Chemist: 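Pasting in a structure now, in structure tokens, and then I'll have a few things to ask.
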Amino acid sequence: MTKVALLIGISDYEPGLNPLPASVKDMQAIAKVLQHPEMGGFAQTDIQKLENPDPQKMQEAIETLFSDRRKDDLVVLYFSGHGIKDESGKLHLATRLTRKNPQGRLIKSTTVPASFVHNIMSDSRCKRQVVILDCCFSGAFAEGWSAKDDGSVDIRAELGGEGRVVLTSSTASEYSFQQKEANLSIYTRYLIEGIETGAADLDNDGAVSVDELHEYAKKKVQEAAPAMRPEIHAVKEGFKILLSKAPIGDPKLKYRKEVEIYASRGEISIIGRRILDALRQNLGLLPEETAALETEVLKPYREYQQKLQQYEQALVDAIRREPTLSDYTRNDLRRYQEILGLRDEDIASIETRISPKNESVPFPDKVIASKSISPKDDVTPVKTSNKAVAANQTDTPTPNIIKPPSILATSVGVLRNPRVMIGAGVLATVVLTFSFLVKPHDASMTTPSPVESSTLSATPTVSPTTEMSAKNFYDRGLEKSTKKDHKGAIEDFNEVLRLDSNFILAYNKRGDARSALKDYKGAIEDLNQYIRINPNDANSYISRGWAYYNLYNYKQAIIDYNKAIQINPRYALAYNNRGAVYADQGNYEQAISDYTKAIEFKNDPLKWPYYNRGDARRNLGDNKGAIEDYNQAIRIDPKYTNAYNNRGLAYANLKDYKKAIENYSQAIRIDSNYVYAYYNRGDVRSILKDKQGAIADYQIAANLYQKQENTKRYQQTLEKLKELQK
């Protein structure tokens, strides 16, 4: 087997295309890690570097790269530069000679078309092909060179193939310009970091596969520039192509991965600080070594904070010059936002706080939401189902239901009976699955209400002596909802409707608040009023479907999710939630189909559809498929205790008890009160005849169940203890 690579960096361009000073540095940095004997292991003679090539030289090098290769060779093509689409939407890789004619059309002979690369790759006998494109698809043109861009480049169609994987740094043209002082482009920087440090070895097997490397880099990129959406496209074996080695047993790497777990929003949690300090001593690391590791892990988020500050200062400066911002200045600010890689929701609070009279800046084609709720902002237990459970079985996972934008996040637990057979007997297992409801953050996930889009605004400052209008009460109600004062919010929405019965958004938001207080019948009444007047708001059907779900009216819940999908056929939330209902009814095949669509239609990866599909697969006995899905969920959220717990169950079903215990233990490390992992680990230790270990786990589980006032589970755990102590 031979490993060969062609690395192309283009920093210099003809007038009209912006120079990209980082691109050649990207190429050189990639070459360094690939040829390192303890990392990529590529022979220096098998790596070709092209700096600012012309079209012919670039095409010849690409053709040579893939020609006369054997089936088991590993071929890597890396490109850092501008990507440009022609008038028909086809992708071209720009060269140093790329330009347009006087009529503004791309001179294609000055580029390397993606179709050329595809044809060369398809003719190659090699079945392990990796393409990394650190570029935008429409390019970055100066004035007079604007490219047509509908965001529709189909990388899979243009570069897909057997045993082939394509990594891209972005999906459209948001990031055309790079800062001149940048040392490396952001995506390449984290690809290199993942290889250099070994941190991209997500499954700790001593090797970094292409999908692991991409997931690591993507997570880091989105911490620093949330608007960027790196993607991976693979066919057949492409995902699992091994690209580099990673150290095993390296104390610095172990510490670094623990920092990833306990770092949140740029800081180490209080308990995490104690854990890391103890780990540092156990690993024999110096304080200055661990401080440097922590700084590196937290760097992306701190870069993000710096970008927010830069945007805020730009907005302040603009308002000082123009109290009423011109369209020209607004467009400049929007462009600056794109260069910084910030989403609309990232800058919404800045605009609200800084703009005159506390009003949001009216940017073109933009609605600033009055609230932004993430899965972790509001997680409240909801009463579980009264479904009967067999005496020798225990609580089983409910699917994660993702709540629509108009409802606060909540959780629900419902009892079901999965397959948990181990050996000749039944291993009693505890599986907890939370049903999270989250607000989507991209256009593909939402169908904004026409009424809401025109009505939402920032909360005005109201003097105690000022007479409150319906809008004042409405804004205050939204603020109370955000602070989880749902009773207070309902009182304000009541006042809204008393003052103005036509203020229909108040019905919608009062329904949200009632749902948060588990008044699902009241929520349905309010949502009925809202839907009667505004029947094309897909989010409201998801909200009402959630209420029906909690009342166990699964038939009506599915009707509402169907309606949401009819309005928006790519509404990932609706597919996920409908899948959850099917799963509760035991229709796992249909549930898997819906979860798969939820994954397909969501631009930014969500952990819940993967987790849900994993549960459904495990209930059908497909434990290996379940583990793959849990792996994806954990890559998206390394602190996802439920996924570790349920992955442990899948390993236990496969009789891989060592990995089962590892997963339960990881869940416990993340949350020391995670009772289900203690119980499940006790079960596995009991099977392995580790009597003392099992007793210790059951005792902790019993204490936690008692504190939770879960009498049934407490008594069952005591029975386990009695059997072991005989």
Side-chain angles (χ1 to χ4, degrees), residues 379-401 410-423 425-436 518 520 549-552 554 580-581 583-586 588 611-612 615-616 618-619 641-650 652-653 660-661 663-665 667-668 671-687 691 693-726:
V379 181
T380 309
V382 178
K383 185 177 180 180
T384 58
S385 168
N386 294 323
K387 293 179 181 179
V389 181
N392 65 338
Q393 293 179 321
T394 57
D395 298 348
T396 62
T398 60
N400 289 310
I401 292 194
T410 312
S411 64
V412 64
V414 182
L415 304 183
R416 289 192 279 106
N417 298 325
R419 300 180 182 182
V420 288
M421 300 298 294
I422 292 187
V426 176
L427 170 63
T429 58
V430 179
V431 186
L432 172 68
T433 304
F434 291 106
S435 299
F436 292 97
K518 306 178 191 177
Y520 300 115
Y549 174 84
N550 279 278
L551 293 173
Y552 309 115
Y554 295 152
V581 179
D584 273 6
Q585 295 175 311
Y588 300 118
Y611 176 80
N612 291 343
D615 280 351
R618 187 168 48 78
N619 278 294
T641 52
N642 297 336
Y644 286 110
N645 183 75
N646 288 16
R647 189 169 70 177
L649 291 174
N653 290 341
I661 288 177
N663 276 271
Y664 299 142
S665 298
I668 292 167
D671 181 0
S672 60
N673 291 318
Y674 193 82
V675 60
Y676 311 97
Y678 286 111
Y679 187 98
N680 292 340
R681 193 171 68 179
D683 280 341
V684 173
R685 284 176 167 171
S686 179
I687 289 175
K691 183 176 180 180
I695 289 174
D697 279 338
Y698 286 141
Q699 285 176 336
I700 296 173
N703 291 336
L704 291 171
Y705 281 130
Q706 188 176 35
K707 288 179 181 179
Q708 295 173 1
E709 298 183 354
N710 188 336
T711 304
K712 179 180 178 181
R713 297 296 311 130
Y714 174 64
Q715 292 298 330
Q716 288 178 347
T717 309
L718 290 181
E719 290 298 321
K720 293 268 187 179
L721 283 168
K722 289 179 182 178
E723 292 177 9
L724 287 172
Q725 293 170 343
K726 287 179 179 178

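All values reported here derive from a predicted model rather than from experimental measurement. The basis for the numbers below is simple: all heavy atoms, side chains too, and nothing from hydrogens, waters or symmetry mates.
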Chemist: To the nearest 0.5 Å, what is the distance between CD1 (Ile668) and CD1 (Ile661)?
Modeler: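 Here the interatomic distance stands at 10.0 Å.
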Chemist: Please check this pair: side chain of Tyr664 against backbone of Leu649, looking for a donor-acceptor N/O pair closer than 3.5 Å.
Modeler: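 Yes.
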Chemist: Once you round to the nearest 0.5 Å, how far does CG of Leu704 lie from OH of Tyr714?
Modeler: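 With rounding to 0.5 Å, CG (Leu704) is 12.0 Å from OH (Tyr714).
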Chemist: Where is the tightest heavy-atom contact between Ala660 and Gly648, given as atom of each residue plus distance?
Modeler: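 The pair with the smallest heavy-atom distance is CB-O, 3.3 Å.
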Chemist: Can you measure from OG (Ser686) to NZ (Lys720) and round to the nearest 0.5 angstrom?
Modeler: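 Rounded to the nearest 0.5 Å, the OG-NZ separation comes to 6.5 Å.
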Chemist: Report yes if the side chains of Tyr676 and Tyr705 come closer than 4.5 Å at any heavy-atom pair, otherwise no.
Modeler: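 Counting from C-beta outward, Tyr676 and Tyr705 do come under 4.5 Å.
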Chemist: Suppose we screen for side-chain contact (heavy atoms from CB on, under 4.5 Å). Which residues come up paired with Ala616, at least two apart in sequence or across chains?
Modeler: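 Scan of Ala616 (side-chain contact (heavy atoms from CB on, under 4.5 Å), adjacent residues dropped) gives Tyr588, Ile592, Tyr595.
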Chemist: Kindly state each residue pair satisfying salt bridge (Lys or Arg N to Asp or Glu O under 4.0 Å) with at least one member in residues 641-650, sequence neighbours excluded.
Modeler: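 As it turns out, there is no salt bridge (Lys or Arg N to Asp or Glu O under 4.0 Å) pair with a partner in residues 641-650 once direct neighbours are skipped.
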Chemist: Please list, chain by chain and in numerical order, all residues satisfying side-chain contact (heavy atoms from CB on, under 4.5 Å) with Gln725, sequence neighbours excluded.
Modeler: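 Partners of Gln725 by the side-chain contact (heavy atoms from CB on, under 4.5 Å) criterion, ordered by chain and then number, come out as Ile695, Gln699, Leu721.
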Chemist: Among Thr641, Asn680, Asn642, exactly one meets side-chain hydrogen bond (donor to acceptor under 3.5 Å, both in side chains) together with Tyr674. Which residue is that?
Modeler: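 The residue from Thr641, Asn680, Asn642 that satisfies side-chain hydrogen bond (donor to acceptor under 3.5 Å, both in side chains) with Tyr674 turns out to be Asn642.
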Chemist: Only counting residues at least two apart or in another chain, list the ones meeting side-chain contact (heavy atoms from CB on, under 4.5 Å) with Leu551.
Modeler: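 Leu551 satisfies side-chain contact (heavy atoms from CB on, under 4.5 Å) with Tyr520, Lys521, Ile524 only.
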Chemist: Could you give the distance from CZ (Arg618) to CG (Asp615), rounded to the nearest 0.5 Å?
Modeler: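 If we round to the nearest 0.5 Å, Arg618:CZ and Asp615:CG are 5.0 Å apart.
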Chemist: Check Ala694 against Gly682 and note the closest heavy-atom contact, atom names and distance.
Modeler: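 Of all heavy-atom pairs spanning Ala694 and Gly682, the closest is CB-O, 3.4 Å.
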Chemist: So Tyr554 and Tyr549, would you call those rings parallel, tilted or perpendicular, with 30° and 60° as cut-offs?
Modeler: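 Tilted: the ring planes of Tyr554 and Tyr549 meet at 30° to 60°.
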Chemist: Looking only at heavy atoms, what is the nearest atom pair of Thr717 and Tyr679, with distance?
Modeler: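 Heavy atoms of Thr717 and Tyr679 come nearest at OG1-CE1, 3.4 Å.
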Chemist: Work out which heavy atom in Ala677 is nearest to a heavy atom in Ala667; give both atom names and the distance.
Modeler: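 Shortest heavy-atom contact: CB-CB, 4.0 Å.
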Chemist: Minimum heavy-atom separation for Tyr678 and Ala701, please, with both atom names.
Modeler: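 Taking Tyr678 first and Ala701 second, the nearest heavy atoms are CB-CB, 4.1 Å.
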Chemist: Could I get the full list of salt bridge (charged side-chain N to carboxylate O under 4.0 Å, His left out) partners for Arg681, not counting sequence neighbours?
Modeler: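 If we apply the salt bridge (charged side-chain N to carboxylate O under 4.0 Å, His left out) test to Arg681, skipping adjacent residues, the hits are Asp697.
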Chemist: Of all residues at least two apart in sequence or in a different chain, which pass the side-chain contact (heavy atoms from CB on, under 4.5 Å) check with Glu719?
Modeler: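 If we apply the side-chain contact (heavy atoms from CB on, under 4.5 Å) test to Glu719, skipping adjacent residues, the hits are Lys722.
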